[in-house]
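Counting starts at 1 for both ligands and their atoms, following the listed order. Heavy atoms only: backbone and side chains are in, while hydrogens, waters and symmetry mates are out. Starting from 1, each residue takes its place in the sequence as its number.
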Amino acid sequence: MTSLAVPNKGRLKEPSLRLLRDAGLDFEVTDRALAVSVRNVDLELMFVRADDIPELVCDGAADAGITGVDLLEEHGNGLPHLVELGYGRCRLAAAVPTVSDVRTLADLAGARVATAHPRTTEAFFRRAGIDAQVIALRGSVEVAPKIGVADAIVDLVSTGSTLRVNGLREVGTILQSQAVLVAAPGAADRVDVHRIATALRAVVDARTKRYLLLNAPAEATERIAALIPGLEAPTVVPLAEEGWVAIHSVVDAAELWALLPRLEEAGGKGILVSPIERLVP
Ligand code: AMP
């Protein structure tokens with residue numbers, strides 16, 4: 001049976017479970033179960049820590065796994081990212097006390113930099129030719145400058161509010177991260193793993209899109225079609241009323257705000273927007 005390692009706690013847990021359910025997998029999670037069988041697919045979910053998943057997938061203990069790009073980088077196994085999952089977005093960033101003279105990453109030459117991501121940080125400084133001293137800590141990295149053990153930190157940031165609360169100022173990004181699906185070495189091309197990737201990608205891609213339907217006078221078809229090209233071209237079907245058509249298309253959710261008034265101006269009426277569950281281009 002194919003196994004998929006899934007984060008069992010922390011920030012990646014709930015969005016990962018939601019994604020798997022949205023992809024149509026039927027399973028139950030109990031607090032204690034380490035592994036559950038999916039009812040409707042030949043797949044076992046293994047619930048483990050997000051930071052153990054790179055190792056488990058790399059060893060082939062799981063055929064595939066969901067974890068953060070930052071954790072994969074830190075593990076340093078070079079597993080290819082099969083699908084970018086669009087949640088758990090954050091950046092690994094360098095920050096210094098607000099009062100520091102450091103303005104750029106290059107200014108960190110000679111500085112002591114505390115981080116829970118020593119491998120990624122060292123590799124970055126080496127590549128950038130910045131001679132900084134990396135101090136590996138397991139947690140509470142943001143207090144390191146305050147207690148005098150470091151001049152700067154490298155830590156995961158999403159909104160930046162934790163940095164601000166701790167009197168720190170961001171000076172640059174080392175790595176962009178989000179949750180990704182990875183496969184065990186040699187497993188990426190297997191049919192079962194490919195199916196998991198396709199199923200998850202279909203949900204992730206659909207989340208940023210909407211299905212748009214509208215009616216319009218036939219003479220407005222070209223003007224409207226130019227606004228909503230869709231995946232290939234919009235579907236245009238005649239209405240029962242002579243001289244009218246219905247136009248269907250797929251649009252970016254982020255563009256709707258600007259698009260709706262333009263569709264109205266172009267002659268669109270009865271505009272409907274619906275979510276899309278899955279999209280396989
Ligand atoms: P956890 O420590 O188990 O809550 O999960 C940490 C993982 O969530 C990290 O390795 C990142 O991949 C991801 N993540 C997303 N945003 C953040 C953030 N602001 N701080 C820490 N981790 C984040």
Side-chain angles (χ1 to χ4, degrees), residues 4-20 22 29-35 45-59 61-62 64-96 113-124 134-146 150 152-183 197 200-201 203-204 207-208:
L4 174 68
V6 181
N8 67 346
K9 53 173 131 176
R11 289 167 203 259
L12 301 182
K13 176 185 171 183
E14 288 305 329
S16 298
L17 294 178
R18 201 174 317 126
L19 173 65
L20 297 173
D22 287 353
V29 188
T30 61
D31 273 351
R32 277 168 307 141
L34 296 179
L45 304 179
M46 291 169 50
F47 296 108
V48 283
R49 287 170 54 115
D51 50 3
D52 285 336
I53 291 179
E55 181 71 30
L56 293 172
V57 175
C58 194
D59 291 352
I66 292 176
T67 188
V69 168
D70 57 301
L71 299 171
L72 288 159
E73 276 296 307
E74 191 56 24
H75 188 255
N77 55 31
L79 291 175
H81 306 167
L82 296 191
V83 187
E84 294 187 335
L85 300 175
Y87 55 84
R89 286 185 193 275
C90 57
R91 55 193 183 275
L92 192 59
V96 294
V113 182
T115 183
H117 292 74
R119 189 172 178 153
T120 314
T121 304
E122 258 163 23
F124 172 83
V134 174
I135 298 167
L137 297 180
R138 295 299 293 267
S140 304
V141 168
E142 62 283 352
V143 302
K146 226 176 284 176
I153 66 163
V154 163
D155 205 2
L156 291 173
V157 182
S158 44
T159 61
S161 60
T162 309
L163 291 183
R164 278 192 295 280
V165 166
N166 286 288
L168 297 165
R169 163 169 55 79
E170 213 170 319
V171 289
T173 296
I174 282 177
L175 179 80
Q176 294 286 352
S177 183
Q178 63 175 299
V180 288
L181 176 74
V182 284
L200 300 192
R201 192 180 296 115
V203 174
V204 173
R207 284 176 173 171
T208 59

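- Scanning the protein for heavy atoms near atom 23 (C) of ligand 1, the closest one is Arg11 CD, 3.3 Å.
- Between the side chain of Gln178 and the backbone N or O of Val69 there is no donor-acceptor pair closer than 3.5 Å.
- A pairwise comparison of heavy atoms in Ser16 and Tyr87 identifies OG-OH, 2.9 Å as the closest pair.
- If you number the atoms of ligand 1 from 1 as listed, the ones under 4.0 Å from a heavy atom of Gly68 come out as 12 (O).
- The nearest heavy-atom contact from the protein to atom 3 (O) of ligand 1 is Gly10 CA, 3.4 Å.
- Applying side-chain contact (heavy atoms from CB on, under 4.5 Å) to Ile66 and the options Val57, Val83, Leu85 leaves one that passes, Leu85.
- Atoms of ligand 1 found under 4.0 Å from any heavy atom of Leu71 (numbered from 1 in listed order, with element): 10 (O).
- Neither the backbone nor the side chain of Thr67 comes within 4.0 Å of ligand 1, counting heavy atoms alone.
- Taking atom 12 (O) of ligand 1 as the reference point, the nearest protein heavy-atom neighbour is Asp70 OD1, 2.6 Å.
- Taking every heavy atom of both residues into account, Cys58 and Asn77 meet most closely at SG-CB, 3.6 Å.
- Near Leu12, with a cut-off below 4.0 Å to any heavy atom, the atoms of ligand 1 are 8 (O).
- Against a heavy-atom cut-off of under 4.0 Å, Gly88 is close to the following atoms of ligand 1: 15 (C).
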Going through the distances and angles, do Leu163 and Ile153 end up as a side-chain contact (heavy atoms from CB on, under 4.5 Å)? CA-CA 10 Å; Leu163 291 183; Ile153 66 163; 4.0 Å; yes

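- Atom NZ in Lys146 sits 4.5 Å away from atom CG in Asn166 (nearest 0.5 Å).
- In terms of protein heavy-atom proximity, atom 16 (N) of ligand 1 is nearest to Cys90 CB, 3.3 Å.
- The ligand atoms of ligand 1 that sit less than 4.0 angstrom from a heavy atom of Leu156 are 9 (C), 10 (O), 11 (C), 20 (N), 21 (C), 22 (N).
- Put simply, CD on Gln176 and CD on Glu73 are 12.0 Å apart, with the number rounded to the nearest 0.5 Å.
- Remark: ligand 1 atoms within the under-4.0 Å shell around heavy atoms of Arg89 are 16 (N).
- Contacts between Ser158 and ligand 1 below 4.0 angstrom, taking non-hydrogen atoms only, involve backbone and side chain alike.
- Taken to the nearest 0.5 Å, the CG atom of Leu34 stands 12.5 Å off from the CG atom of Leu45.
- A heavy-atom separation below 4.0 Å is not found between Ala50 and ligand 1.
- In this structure, CG in Asp51 is found 10.5 Å from CD in Glu74, a value given to the nearest 0.5 Å.
- Contacts of Lys13 with ligand 1, taken as heavy-atom pairs under 4.0 Å, are absent altogether.
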